[in-house]
Every structure is written in C-alpha cells, then in structure tokens.
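Read the structure below first, then the notes.
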Protein chains: 2
Amino acid sequence: MRATVPITVNGLKTACSQCNLVELCLPFGMADSELSRLDELVGARRKVKRQQNLYRAGDRFEAIYAIRAGSFKTDVLLEDGREQVTGFQMTGEILGLDGISTETHSCNAVALEDSEVCVIAYDKLEQLSHQIEGLQLQFHKVMSREIVRDHGVMMLLGSMRAEERLAAFLLNMSQRFNARGFSSQEFNLRMTREEIGSYLGLKLETVSRAFSRFQEDGLISVQQKHVLLLDPAGLKRLIQHQQGVR
Amino acid sequence: MRATVPITVNGLKTACSQCNLVELCLPFGMADSELSRLDELVGARRKVKRQQNLYRAGDRFEAIYAIRAGSFKTDVLLEDGREQVTGFQMTGEILGLDGISTETHSCNAVALEDSEVCVIAYDKLEQLSHQIEGLQLQFHKVMSREIVRDHGVMMLLGSMRAEERLAAFLLNMSQRFNARGFSSQEFNLRMTREEIGSYLGLKLETVSRAFSRFQEDGLISVQQKHVLLLDPAGLKRLIQHQQGVR
DNA sequence: TTTTTTGGTTGACGTGGGTCAACGAGCTTG
DNA sequence: CAAGCTCGTTGACCCACGTCAACCAAAAAA
C-alpha cells in the first residue's frame, strides 16, 4: 500500500507531518518514521462556521475530528430542553470519541468561532492502528486523557463551590492557551457566560458575579470575554484552601 | 506463538472463552474464533477484600482489570481531603482505563465488597489488539462507553436537582443489575449513603431524605441498603418532567 | 448614523440543599 | 449481651446560589 497525499477542498495538503500542531494532537510522541505514514489518515479538512454543528447527537458515527483552527463546545441535551456543556475543545484536541461505542454520536459539537477540523475516518484509523505501532498507543492515550479530564469535571461539579469552579476553569484555560504558545495570563474566552455556566453547573448570573468578585479581589481583570490573570497563585489557593460545600 | 492457558493462584483457569461474563465484558461481540485467542490475555485473577484498594492514584499503570465478582468504586481526592466518587463498577466492567494516558493511575479503585478481578496486562493487550481484529474495536468501544457514561454523570451533576439525581442513579443501578440477570426491581446497594452522595454531588443527609421522600410517594420501598422499585416509570417521569434548578 | 439584538452586570429576594445535632438500628467484638 | 462501632434517619436552622428584573455595553443589522 502506498501513502497518497490527500487533497482537500481548498487545495491545501492535510499532512500531519507538516502540521505545527503535532505536539498537541493525535500524533504526539510518534516517531518521525511513523509520522509520515500518518498522512494517509487525514482524509480532508472541513470548515465549520461559528454556531454550526460539526455533528449532532444521533448522527451516525464515521469519523473523529482533530481541530486545526478555532474551538468548539460539546453538549448533551435533555428531553425537557436542559443543556449540559460537557467540554470546550481547542486546536489539536480530538472530537467525536463519544461516537465509537454505539456508532452514533451521543452529544453535539458546535463551533464557538469559525473553525476547521481534520476529518479522520474511523475505519481507516482502526486499520492503520493495526499497522503503525505508535498510533494505537497514542489513540488510547487520547481516549484515556478524555476520561481523566471528565473525572476532573466531576470533581468540580460534585465537590466545589461556585468560585472554586470558576477559578479551576480559568486556570485550565490559561494552561491550555499556554500550551498553544499564547499567553497564560491574558486571553480571550470564546464562550458566553451562559456556556461557562452550563459547563460549571452554575447560572450565568453566578458566573458573572464570580468574575466580578475575582476582579474586586485583584485576582483577575475582566472585560467581557477578555481576561487577564493578575494572580494565578491566588486562584490556585482559592481551590485548595477553601472548604467545599458538599 | 501458542496460546497457553494461564493458571491463577487458586488453580482455576482464567479463560475468557469459558467465562459467563463474556456478554458484558471486554470480549463482548467478538467472534468465537477470536475469543479463544483471548485466553492468553488474562494473566491471573486477583482477589480484593472489602475496603481494600485495587490501585491508588499515583500507582504506576501496568494493567487494566475486568471485574469477575463483586463491585468497586473509583474516586478522586483533593489535597484538602474532599472526595469525589467518579463511578461504581459491577461485574464485567473494566477498571483502570484512566491510567493509560500518563502511565499512572489518576484515581483510586476500592472494593465495596470482597471481590475478584481478572488482571489484563496492558502491554499484552496492545500486542494482541494488533493481531486480533475484533479486540481493538471492542476495547475502543469500552473506552468510548466510559466517556459517554461520564457525560451522563456531568449532566446529572450539572443540571439536575437532588431527587432527579437519585432517581437517575436508582434507574441506572436497576438496569445494570438486570443486565446481569438479577431483578431490576429489587436489589441491595453495595455503597453507603455517603458514597452515593459523593457520586451525586450531594450530602448523605440529602440522599437519605430523598430516599424517604420516594418511599412516602410510593415510588420505592427502602430499608437500609435494600431497595425495591415500586414505580420505575414514576422515577423516569421525575427526571423528564421536573424542571431543573440550573 | 440609528436601531435592534445579544451578552453581561448588578440588585433584591427566595429556596433547595447544606450544616449541625440528636437519636436509633444493625453489626461487630470482646 | 453489653459495649462500641458504623450507618442511616430526621429535625431545625441557615446560606450559597438560583430567580426575577432592570439596565447597560457591544456587536450586528438597517
């Protein structure tokens, strides 16, 4: 079998070996020799405009997606209309893993801004995992990381008070922006207060008040979606020393 | 390579092909021809007494575990002592997936009763997944199912009120007992009110009060850990129609 | 530019569930 | 079988966060 370099709709090569996100994405930690073989994995890129769905709960599962540009939220809806945001995803992160188990997506993925993803056909991934030593392990690590992340969110939702939740959220965003070469102290959130609230199990008013409180206390400076972390250590202390409600 | 039948400490064969839990466990859905090859996967069984740890956060990750008998809880601890139970596991379910990502376990697994697990060396699983067609897919499905389950817990913690959470918990237990050939209406819980509370993001008093309320309303009959679901449909309605707090 | 819409902030007030405390029922251990 | 546990139940009280509502800023539309 020969690896062919796939061509996308917009005529750009979608080669993992040439992507600057390797460090963050599925191929992380793979040997160069293996990496070049990966190029046949990514079929095409797909653009998703702000507010559009990459996939919806109920859609047949066929591929997973690596975010090349932009960001997403995933959420679950209850029959009665209640929404729970289950995560926010940034470049290099993988979307769609929820679909493997039942071959049907179980949540919605919505672009928070105009974004672009690499489409990774799942059957091809399965095949290549059999052949490329490192790919299987990496993929397992990606899934496992998602499980660990989810446990962190459960901790947050189950055992922390409002301000602790927001502090944890801000520190997490900071760390992820930093990993992508952006400032860890200053960044623009892509989601609304309501979406943050849904993720943190709080109402938007509570999120807004917590932001204001942090600003009063000199921990951060906020203006709409623009956040400046003035005292990250202070935020960390907030999480560790404050005793929980539950 | 020849498959050898491994012998455990207690002299019993640990063969997936002869295990009555195949329907629920990792081998689910695999062809008979593939199944027999699986027997070399399970190294040994390990007994874990009530209250003992199968593994702890920080332990080096080497194996995943399939529950042969008994049940477990997994939890995460915060520096300040707060505990969040992230799940309860029953026979046929897989423990330890959290360890793959960092090669270190990120949570604790504690037996809720005297239990026994099949030890599946992870490196062997990786190898065999390369060779056995169906094993890789099944393993991916198991991990994906865990992710979907976690999203369900987030929904519960983030968007439901106390009674809804307990109703969802009871229905989930009921369904899982049923899948194991036990009554879906009558069962004995293995965990304390405090552990249920930690899982549901509630205090034990709140859990206890919700149990009492359900009994008053004729939805269930409880006596300590013994539960009888008198009106499962009523519990379901409670989740769907009650409007959430958040 | 003005108008409209969407998102964010803030205040006043209400309540679900947390806190604290007493008590009782099973289990275990001597 | 008493003594000491652990676990579960229930009541009284309280507070963190939800609810409702007014208002403002930014962004989008006209």
Side-chain angles (χ1 to χ4, degrees), chain A residues 49-51 73 82-85 110 112-114 156-167 169-170 188-217 220-227 238 242-246, chain B residues 49-51 73 82-85 110 112-114 156-167 169-170 188-217 220-227 238 242-246:
Chain A
K49 284 220 165 295
R50 186 172 131 80
Q51 303 281 38
K73 70 168 177 183
R82 280 180 276 181
E83 180 199 29
Q84 176 67 36
V85 171
V110 183
L112 294 175
E113 59 194 309
D114 292 357
L156 194 144
L157 291 171
S159 321
M160 292 185 177
R161 35 179 60 246
E163 292 189 2
E164 292 179 284
R165 295 184 201 188
L166 187 64
F169 169 76
L170 288 174
N188 282 294
L189 298 173
R190 303 288 141 82
M191 65 293 286
T192 66
R193 298 290 188 265
E194 186 168 23
E195 287 164 334
I196 297 173
S198 171
Y199 179 63
L200 299 179
L202 303 168
K203 297 266 79 168
L204 70 294
E205 293 95 328
T206 306
V207 174
S208 181
R209 276 187 252 266
F211 267 119
S212 301
R213 188 93 210 292
F214 286 171
Q215 180 153 264
E216 281 167 34
D217 296 351
I220 67 171
S221 161
V222 225
Q223 203 180 332
Q224 306 288 116
K225 296 194 157 65
H226 183 85
V227 177
L238 201 85
Q242 197 161 334
Q243 78 275 36
V245 196
R246 290 164 180 150
Chain B
K49 285 219 164 295
R50 185 174 131 79
Q51 302 281 37
K73 71 169 177 184
R82 280 179 277 182
E83 180 199 29
Q84 175 67 36
V85 171
V110 183
L112 294 175
E113 58 194 310
D114 292 358
L156 192 143
L157 291 170
S159 321
M160 291 186 177
R161 38 180 56 247
E163 293 190 0
E164 293 178 284
R165 295 184 201 189
L166 187 63
F169 169 75
L170 288 173
N188 282 293
L189 298 172
R190 303 289 141 83
M191 65 293 286
T192 67
R193 299 290 189 264
E194 186 168 23
E195 286 164 335
I196 297 173
S198 171
Y199 179 63
L200 299 179
L202 302 168
K203 298 264 78 168
L204 69 293
E205 294 95 329
T206 306
V207 174
S208 182
R209 276 187 252 266
F211 267 120
S212 303
R213 189 90 211 294
F214 286 171
Q215 180 152 265
E216 281 167 35
D217 296 351
I220 66 170
S221 161
V222 226
Q223 204 181 329
Q224 307 287 117
K225 295 194 158 65
H226 182 85
V227 177
L238 200 82
Q242 199 161 335
Q243 78 278 30
V245 196
R246 285 161 185 153

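Protein chains get the first letters and strands the later ones, always in sequence-line order, with residue 1 at the start of each.
Residue Q215(A) places its CD atom among more than 12 non-hydrogen atoms of other residues, nucleotides or ligands, all under 6.0 Å distant.
Put simply, CD on E163(B) is 14 Å from C1' on dT15(C), counting in whole angstrom units. Atom-to-atom, CZ of R82(B) to C1' of dG18(C) comes out at 14 Å; the value is rounded to the nearest Å. One can place CG of L202(B) at 15 Å from P of dG8(D), the figure rounded to the nearest angstrom. For R161(B) and dG18(D), the CZ to C1' distance is 10 Å, given to the nearest whole Å. Rounded to whole Å, the distance from NZ on K203(B) to C1' on dG8(D) is 15 Å. In this structure, M160(A) places its CE atom 20 Å from C1' of dG17(C), rounding to the nearest Å. Atom CD in Q51(B) sits roughly 11 Å away from atom P in dT6(D) (whole-Å rounding). Straight-line distance from the CG atom of L156(B) to the P atom of dG17(C): 12 Å, rounded to whole Å.
Take A167(A) and apply the side chain to side chain contact (heavy atoms under 4.5 Å, CB included) test, not counting sequence neighbours, and it matches F214(A), L235(A), L238(A), I239(A). Evaluation of the side chain to side chain contact (heavy atoms under 4.5 Å, CB included) rule for E113(A) yields S71(A), S115(A), R190(A) as partners, not counting sequence neighbours.
At the phosphate of dG7(C), neither OP1 nor OP2 sits under 4.0 Å from any side-chain N or O atom of K225(A).
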Report all interatomic pairs (protein N or O, nucleotide N or O of nucleotides 21-23 of chain D) with separations under 3.5 Å.
none

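Across all non-hydrogen atoms, the minimal contact from Q84(A) to L157(A) is NE2-CD1, 4.3 Å. Heavy atoms only, all atoms of each residue included: F169(A) and L189(A) are closest at CE2-CD2, 4.3 Å. Of all heavy-atom pairs between E164(B) and R82(A), the closest is OE2-NH2, 2.6 Å. The two residues G197(B) and V207(B) make their nearest non-hydrogen contact at CA-CG2, 3.5 Å.
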For a quick check, with a 4.0 angstrom heavy-atom cut-off, what is the B/S/- contact string for nucleotides 25-30 of chain C, read 5' to 3'?
-S----
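Using a 4.5 Å heavy-atom cutoff, the side chains of E163(B) and R213(B) are in contact. At a threshold of 4.5 Å between non-hydrogen side-chain atoms, the residues I196(A) and Y199(A) do not count as touching. Proximity of M191(B) to V85(B): side-chain heavy atoms (C-beta onward) are nowhere separated by under 4.5 Å.
Contacts of residues 190-197 of chain A with DNA chain D (heavy atom under 4.0 Å): none. Near DNA chain C, defined here as any heavy-atom distance below 4.0 Å, the residues from residues 207-216 of chain A are S208(A), R209(A), S212(A), listed numerically.
One N or O on the side chain of S198(A) and one on the backbone of E83(A) form a donor-acceptor pair closer than 3.5 Å. At distances below 3.5 Å, not a single donor-acceptor pair connects side-chain atoms of R193(B) with backbone N or O atoms of K225(B). Distance alone, capped at 3.5 Å, places no donor-acceptor pair between the D114(A) side chain and the K49(A) backbone.
Rounding to the nearest 0.5 angstrom, the gap separating the CG atom in L202(A) from the CE atom in M160(A) is 12.0 Å.
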